[in-house]
Every structure is written in structure tokens, then in C-alpha cells.
There are 2 protein chains.
Amino acid sequence: MREPHHPSCAELELSDVLHALSDPARLEIARRLSSAPGEEWACSAFDLGLSKATLSHHFRVLREAGVVKTRVAGRKRLQSLRREDLDTCFPGLLDAVLNGYAGHRHAA
Amino acid sequence: MREPHHPSCAELELSDVLHALSDPARLEIARRLSSAPGEEWACSAFDLGLSKATLSHHFRVLREAGVVKTRVAGRKRLQSLRREDLDTCFPGLLDAVLNGYAGHRHAA
DNA sequence: GCGACCCTTCGATGGTTCTCAAACCGAACG
DNA sequence: CGTTCGGTTTGAGAACCATCGAAGGGTCGC
């Protein structure tokens, strides 16, 4: 299967990134991806209590916002954080978001 | 008129803050508020090409997310950024968002 | 009081989003 | 080949959101 489209650095929009991360499920995905830098995760590795269709939707939102890179490997899609690109375009944003979340997790 | 409700620091949710800032109009409001720290702006000072009903809606979203404080002064509502609270709860977030925006403004 | 002023709320509308089950599709495995 | 395995796409429903005009509600100036 063809690689899905990824926006270039210059195409990244702050609004899109913020919107992508404003959903709790997607925030959690980003948080997990960031916990193992450089590593790649299959979609099925995320057990968030959502159907695979919904999960696929969230990954698309993250990908189109430029938060996540999807690599096709056999019949799997391997996801990784686009940390360098994000740090370049929006310095400090990712750290602030991931820190804020970890240190500010409510019982919910 | 009664002061509107403002969430306490402990009640701030990262998702809500990100969602509030993910709308271009609200991002612009936050950007303008940050440009004059400590100052207070009347709602009517924001000419974004939106109706006052819409503007009022955006201010409510920002207020309920904890981004903005609304003070009633006579027949005006004076808005200010809750920078200290945000910096305490989500260190670096506001700076990253506002920097990212200023340094990443597309012709649009 | 009366109007002007500033903003909020209401009601409506059109668009977007989240969610799922079902169908689909390419890759791998037998 | 046929099947299974990972994900995507589609179709649909419910919920949410941005937006506006119109109506409402305090407050100030006269």
C-alpha cells in the first residue's frame, strides 16, 4: 500500500496541531508515542477502548496535522512522533503539552 | 451584573485549553491580549470581522477554559490573559503557542 | 425616566467531529 | 488460491461548534 500523505514542515498550522492534541484520546496517543522516542508503534498497540475505525480516524487527524508520521511495513502501519519537525516549527510546544498533561492528570 | 464564573487553577484541563486555542479567532484574541501584559481589553476592542454574538461566544470558551479573566467594569467587560495561572499549570505552553503563532503566520 | 451603549442570551442554521459496525483491501501465511 | 491479519473507508447517527440576527439586561449620560 502507498504511503499516506504527510504535510511538510512549512505546511504545519498551529491551529491544526492544537486541535489535533485537544482530543483526550489523541493527547494520550501522543503521550505514549513520546514515552519511547524514536520508536514506532503499530496502531493495534493502543488499547484506548475505541474501535479500530475510530482509532484509525484519530491517527489520520494526527497525521494530517503533522504530529505523527506513518510508515507502512508489511501489513502494519508504524506510527512515530514528528518531534524534530514540531520542535522546529513550534519550539517548546510539544514539551509543554506533554509535560502539562503528565503533571496535570485528573481522575476521569 | 454578576462576575462570570472562572475555573480555578486546579480545574484547568489541558484539553480544554488546547481546544480553546485551536480556533484561529480565539488564538488571535489570546495573541492580542498577550501583547500588552497586564492590560485589560474591552470586547469591542477586538475587530475580527465577527458579530458581537460570536465574539461573546469565543470569550466564553476562553474564559471557561481558563485562558482569560473577565472583569466587569460598569457596562464593559474587561478581558485579560490568565498568564500566571496558565504558566503555573502548563509551564511553557502559552509561550510556545504565542511564539509559534507569531513566527508561523501564513498568508491567509 | 429615557435612550444609548456594551455585552449576553436565545433560536436557528449549516458545518464539523466522534463514534461505531460493516464492508473493503493489500500483505502475509498456509 | 483461500484465509487471516492490520488498517482503511464508508455510511450513519448523535453530539458538538461557529456563526448570525434578534431580543434582553444592566449601566451610564442626560
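Naming convention: chains lettered A, B, ... in sequence-line order (proteins, then strands); numbering from 1 in each chain. Quick caveat, the model's predicted, so the values are computed rather than measured.
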Q: In whole angstrom, give the distance that lies between atom CG of Leu18(B) and atom C1' of dT17(C).
A: 17 Å
Q: When you compare the side chain of Asn99(B) with that of Phe90(A), does any pair of heavy atoms fall below 4.5 Å?
A: no
Q: Could you note down all residue pairs passing salt bridge (charged side-chain N to carboxylate O under 4.0 Å, His left out) where residues 81-93 of chain A supplies at least one of them, sequence neighbours left out?
A: Arg82(A)-Asp85(A), Arg83(A)-Asp87(A), Arg83(A)-Asp95(A)
Q: Are Val72(A) and Pro4(A) side-chain neighbours, meaning at least one heavy-atom pair lies under 4.5 Å?
A: yes
Q: Round to a whole Å and report the spacing from CG of Leu48(A) to C1' of dG7(D).
A: 16 Å
Q: Could you say whether Lys52(A) or Leu55(B) is positioned toward the 5' end of DNA chain C, judged by the nucleotide with the nearest heavy atom to each?
A: Leu55(B)
Q: How bent is the helix from dG1(C)-dC30(D) to dG30(C)-dC1(D), comparing axes over its five end pairs at each side, to the nearest 10°?
A: 20°
Q: Return the polar atom pairs (N/O with N/O) between nucleotides 3-5 of chain D and the protein under 3.5 Å, or none.
A:
| residue | atom | partner | partner atom | Å |
| --- | --- | --- | --- | --- |
| dC5(D) | O4' | Arg75(A) | NH1 | 3.2 |

Q: Could you work out, with side-chain contact (heavy atoms from CB on, under 4.5 Å) as the rule, every residue matching Ala45(B), not counting sequence neighbours?
A: Trp41(B)
Q: Heavy atoms from C-beta onward define the side chain here; which of dA22(C), dC7(C), dG21(D) lies closest to that of Ala53(B)?
A: dG21(D)
Q: Determine whether any donor atom in the side chain of Lys76(A) lies under 3.5 Å from an acceptor atom in the base of dG6(D), or the reverse, and answer yes or no.
A: no
Q: What residues, two or more places apart in sequence or in another chain, satisfy salt bridge (charged side-chain N to carboxylate O under 4.0 Å, His left out) together with Arg75(B)?
A: none
Q: Between Leu14(A) and Leu93(A), which heavy-atom pair has the shortest distance, and what is it?
A: CD1-CD2, 3.7 Å
Q: Among residues at least two apart in sequence or on other chains, which ones pass side-chain hydrogen bond (donor to acceptor under 3.5 Å, both in side chains) with Arg60(A)?
A: none
Q: The side chain of Arg63(A) lies closest to which of these nucleotides: dT8(D), dT8(C), dC7(C)?
A: dT8(D)
Q: Distance-only check: which donor-acceptor pairs under 3.5 Å involve side-chain atoms of residues 63-70 of chain A, not counting sequence neighbours?
A:
| residue | atom | partner | partner atom | Å |
| --- | --- | --- | --- | --- |
| Arg63(A) | NE | Thr70(A) | OG1 | 3.1 |
| Thr70(A) | OG1 | Gln79(A) | OE1 | 2.9 |

Q: I need the CD-P distance between Gln79(B) and dC6(C), as an integer number of Å.
A: 14 Å
Q: Just to verify, what does Ser44(A) make a side-chain contact (heavy atoms from CB on, under 4.5 Å) with, not counting sequence neighbours?
A: Ala42(A)
Q: Could you state the atom-to-atom distance from CD of Glu64(A) to P of dT8(D) in whole Å?
A: 12 Å
Q: Test: ring-ring contact (aromatic ring centres under 6.0 Å, His included). Region: residues 65-85 of chain A. Which pairs qualify, not counting sequence neighbours?
A: none
Q: Arg71(B): what forms a side-chain hydrogen bond (donor to acceptor under 3.5 Å, both in side chains) with it, not counting sequence neighbours?
A: Glu40(B)
Q: What residues form a side-chain contact (heavy atoms from CB on, under 4.5 Å) with His58(B), not counting sequence neighbours?
A: Asp23(B), Ala25(B), Arg26(B), Ile29(B), Leu50(B), Thr54(B)
Q: Provide, to the nearest angstrom, the distance between the CH2 atom belonging to Trp41(A) and the C1' atom belonging to dG6(D).
A: 17 Å
Q: Counting any heavy atom closer than 4.0 Å, what does Ala25(B) reach on the DNA or RNA strands: base, sugar-phosphate only, or nothing?
A: nothing
Q: Using atom CZ of Phe46(A) as one end and atom P of dT8(D) as the other, report the distance to the nearest whole Å.
A: 12 Å
Q: Indicate whether OP1 or OP2 belonging to dT9(C) is found under 4.0 Å from a side-chain N or O atom of Ser56(B).
A: no
Q: What is the distance, to the nearest angstrom, from the CZ atom on Arg60(B) to the C1' atom on dT19(D)?
A: 13 Å
Q: Give me, pair by pair, the N or O atoms of the protein and of nucleotides 14-18 of chain D that are less than 3.5 Å apart, along with how far apart they are.
A:
| residue | atom | partner | partner atom | Å |
| --- | --- | --- | --- | --- |
| dA18(D) | OP1 | Arg26(B) | NH1 | 2.9 |
| dA18(D) | OP1 | Arg26(B) | NH2 | 2.8 |
| dA18(D) | OP2 | His57(B) | NE2 | 2.6 |

Q: Rounded to whole Å, please give me the gap between CZ in Arg77(B) and P in dC5(C).
A: 17 Å
